[in-house]
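Only one structure is covered here, and it is reproduced in the block below.
Lettering of chains follows the sequences in order, A, B, ..., and the numbering in each one begins at 1. Remember, it's a predicted structure, so these values are computed and weren't measured experimentally.
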Protein chains: 2
Amino acid sequence: MATVRDVARRAGVSIATVSRVLNGSGYFDEATARKVRKAVEELGYRPNIHWRRLSRQASQTVCFLLGNRDAMNSMQMKVLMSCERALNEAGFDLVFASFRYSAGVPGSRLDLPRLLVHQGAVDGVILAGVHYSNLLEALSRLKLPYVVMGNTFVGTRDELKTDSITYDDVAGAYEATQCLLRLGHRRIAFVGDVSLPWFRRRHGGYSLAMSRAGLEAFGVTASWEIRNIDYGQLAAAELLRDGPPPTAIFAGNDEIAAGVWKELVKRRIEIPRQMSLMGFGDREEFSLLEPPLASVSVFQERLGAELAQMLLAKLGRPGLRIPARTLPCKVLERGSVGPPPAAR
Amino acid sequence: MATVRDVARRAGVSIATVSRVLNGSGYFDEATARKVRKAVEELGYRPNIHWRRLSRQASQTVCFLLGNRDAMNSMQMKVLMSCERALNEAGFDLVFASFRYSAGVPGSRLDLPRLLVHQGAVDGVILAGVHYSNLLEALSRLKLPYVVMGNTFVGTRDELKTDSITYDDVAGAYEATQCLLRLGHRRIAFVGDVSLPWFRRRHGGYSLAMSRAGLEAFGVTASWEIRNIDYGQLAAAELLRDGPPPTAIFAGNDEIAAGVWKELVKRRIEIPRQMSLMGFGDREEFSLLEPPLASVSVFQERLGAELAQMLLAKLGRPGLRIPARTLPCKVLERGSVGPPPAAR
DNA sequence: GCTGCCTCTGTAAATGTTTACACAACAGGC
DNA sequence: GCCTGTTGTGTAAACATTTACAGAGGCAGC
């Protein structure tokens, strides 16, 4: 395999000149550059990336670390894709890694991916689906800059004040509720386990809109520890069993909404004629329901690009902490919402 | 930052001994090993991964290359996840890269990700969602071993005879059709553009089952160049407009099935009472339809793990070509299929 | 007691790039 | 003529690891 030395010899220049031409750094004559490029071409020279990373003292690589080895949702996938694109434009590569808390118990001892404990392997880390802060401490000990997608650490009242990008759960949920109110709904139920911070925030936005309208907030917010989709289904069953049913259901996320949907279809309750349904997150796969599920878009592609940019801004500036950012959401008023039965 | 040299000095041994202990290679005394490990601990030594890769002449890294920069489906995502897991167990890291044919035109000039044209950057490549063979030639020129997910090269009658893993489209489609026949269906329509090799193979399995049962194969197989979901919807409309309608529809994949579903719901045709519906691929997101969509599982996790293993088997054996593998499928007979109306 | 094998350790070589620094040539200003 | 700054090029150092090879010591078998 050809090396800079070979190229230098063939072009009749020194290795330093070759390096300068190839990297476009420092001074060099255009005629010399042509000779060098010709030699590169003829020898089929390809620079060895490890030497480059070593010499430059930077790997030009970022790790996308997924905190859940078993499943990745379509939002995380979209963020991954857009991170990769943004990083690529900046000349960085992305290594994908996932991990699991060793014992499967939240907060238990964690083994970081081997890669990260090696010196110089990556310049920084983008975290997604990570809900326990001991990982952040581990990364800090390794002096690895990181940014966090979402603001979703459980077991603490505090939210991450820096180095994270979230969407505005509260405002998004407020807007979504407003949308349902505008359509004429008065009995709007919320469904989602409020012991989880993101559902708590969304419930907050919902409650605010309801109380401002002089209406009572209600719904299913218990902690059941089951899959989101099952949660939605059970919650819908409960709402339809006890007391007067709502005319609209606002689900904490699209998966829960799909569960609610399932139960409504089973009971032959027509959407949106008899019941309106609103989700949160605008996960692509749920838009194909018929009629399409209304939801709150969190601009997943933008989220990924901004995460990448925030991390890049931190590189080479040890200790720099960037204030947490919150991106706006947008309500997508699709077919699954409409006026309540009474208003027709 | 501590280096092997520091560790060696502190432990009172040579650097060769440190390296041997840390890598568990060659002979060393357990007492010496303890001294070394103690020194590592005290100094907080972390090996520099670039030197390691350089010295070992191997990057221990594999590139997962997605041929479609704009979208990734949940199957590719699952394969990515399981590749990562399998590679990790083997001590390899995974770098994720995506690309797009430059002009957006299939078969046009392609720019490979920068990473791949660097010497030694990755040891091999796993390809997913790549449908044009000029990429394979480019990788061969770079002497990079690769394996391909799916067997989906368009514009050629030949299939990839080596270095690929596919699921058995023909057998899977045959079984799925058999399943519908067993339920009593006689008019079963196929929906999917047979100019695409995977739909052609599935159509082949379907046709075989039909002809063996002495029945006529029919359906919508034209080339419309629209999104799968729209294809399904239009095809369903066409099937219901012309001639006697089928009692079951076998869609070329789950996305098309979802399109068909949409149209059926719109026309208030009940599934499966009036019409049975079968998909292909078992994409997770579609199982939440109510009733759940019957489909053909292609064992996505296994696919990823086998891809990783096939690639690992090729490493260090330049020129080795491994015969293409075909994994079996399994029909998941879920709620969207049932006996035809007449049989009730 | 010699031979050969096994065990353990150290020496030294090899690996390809970037970059600090030196230096040369030349132009322009005084 | 001398100084200064700009431009282009070469020399040499620095980087941390693995590994081939040498060699020392112990021990078993003859």
Side-chain angles (χ1 to χ4, degrees), chain A residues 1-40 43-61 91 114-115 117-121 123 316, chain B residues 1-40 43-61 91 93 114-115 117-123 316:
Chain A
M1 203 68 197
T3 72
V4 255
R5 220 166 297 274
D6 301 322
V7 174
R9 194 168 18 229
R10 187 168 191 112
V13 299
S14 76
I15 54 168
T17 302
V18 174
S19 181
R20 274 189 292 259
V21 170
L22 262 33
N23 297 308
S25 60
Y27 294 113
F28 56 85
D29 193 81
E30 189 45 40
T32 318
R34 266 197 300 275
K35 277 194 294 182
V36 169
R37 282 191 274 263
K38 186 154 163 282
V40 165
L43 293 168
Y45 167 72
R46 293 192 292 146
N48 182 309
I49 203 163
H50 304 306
W51 281 111
R52 168 164 292 178
R53 288 173 176 170
L54 224 33
S55 300
R56 292 194 181 161
Q57 315 243 53
S59 67
Q60 300 272 102
T61 301
R114 262 186 312 283
L115 184 71
V117 306
H118 279 88
Q119 202 195 128
D123 296 334
Chain B
M1 203 69 197
T3 71
V4 257
R5 224 165 293 275
D6 301 321
V7 174
R9 197 169 15 234
R10 187 168 192 112
V13 299
S14 75
I15 53 167
T17 301
V18 174
S19 181
R20 272 189 294 258
V21 169
L22 262 34
N23 298 307
S25 59
Y27 294 113
F28 55 85
D29 193 78
E30 189 45 40
T32 317
R34 268 196 298 275
K35 280 193 293 184
V36 169
R37 284 192 273 262
K38 186 155 164 282
V40 166
L43 292 169
Y45 167 72
R46 293 193 293 145
N48 182 308
I49 203 164
H50 304 307
W51 284 110
R52 167 167 290 180
R53 288 172 174 170
L54 222 36
S55 299
R56 293 196 181 158
Q57 316 242 52
S59 66
Q60 301 273 99
T61 301
D93 296 310
R114 263 186 312 280
L115 182 72
V117 306
H118 278 90
Q119 203 195 129
V122 299
D123 296 333

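Across every non-hydrogen atom of B:Gly120 and A:His50, the tightest pair is O-NE2, 2.9 Å. Here the shortest heavy-atom pairing between A:Thr61 and A:Ala121 reads CB-O, 4.1 Å.
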note = Readout for nucleotides 12-19 of chain C: B = base within 4.0 Å of protein heavy atom, S = sugar-phosphate only, - = neither; 5' to 3' it is B--BBBBB
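Listed by chain and residue number, nothing satisfies the side chain to side chain donor-acceptor pair (under 3.5 Å) test with A:Ser55 (two or more places apart in sequence, or in another chain). For B:Asn48, the side chain to side chain donor-acceptor pair (under 3.5 Å) test picks out no residue, with sequence neighbours left out. In terms of the side chain to side chain donor-acceptor pair (under 3.5 Å) criterion, residue partners of B:Arg9 (sequence neighbours excluded) are, by chain and number, B:Asp6. The side chain to side chain contact (heavy atoms under 4.5 Å, CB included) test applied to A:Val4 returns A:Ile15, A:Val18, A:Tyr45, not counting sequence neighbours. By the side chain to side chain contact (heavy atoms under 4.5 Å, CB included) test, A:Arg114 pairs with B:Asn88, sequence neighbours left out.
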Do any N or O atoms of the protein come closer than 3.5 Å to N or O atoms of nucleotides 5-7 of chain C, and which pairs are they?
residue, atom, partner, partner atom, Å
C:dT7, OP2, B:Tyr27, OH, 2.6

What are the atom names and distances for every N/O pair under 3.5 Å that joins the protein to nucleotides 23-27 of chain C?
none

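A:Lys35 has its NZ atom 14 Å from the P atom of D:dG8, to the nearest Å.
Inter-axis angle, ends of the helix from C:dG1-D:dC30 to C:dC30-D:dG1, five pairs per end, rounded to 10 degrees: 40°.
Among residue pairs with one or both ends in residues 50-60 of chain A, those qualifying as salt bridge (Lys or Arg N to Asp or Glu O under 4.0 Å) are A:Arg53-A:Asp93; sequence neighbours excluded. Applying the salt bridge (Lys or Arg N to Asp or Glu O under 4.0 Å) rule to pairs touching residues 10-23 of chain A yields A:Arg10-A:Glu42, sequence neighbours excluded.
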Name each donor-acceptor pair under 3.5 Å that joins a side chain in residues 25-35 of chain A to protein atoms two or more places apart or in another chain, with its distance.
residue, atom, partner, partner atom, Å
A:Asp29, OD2, A:Ala31, N, 3.0
A:Glu30, OE2, A:Arg37, NH2, 2.8

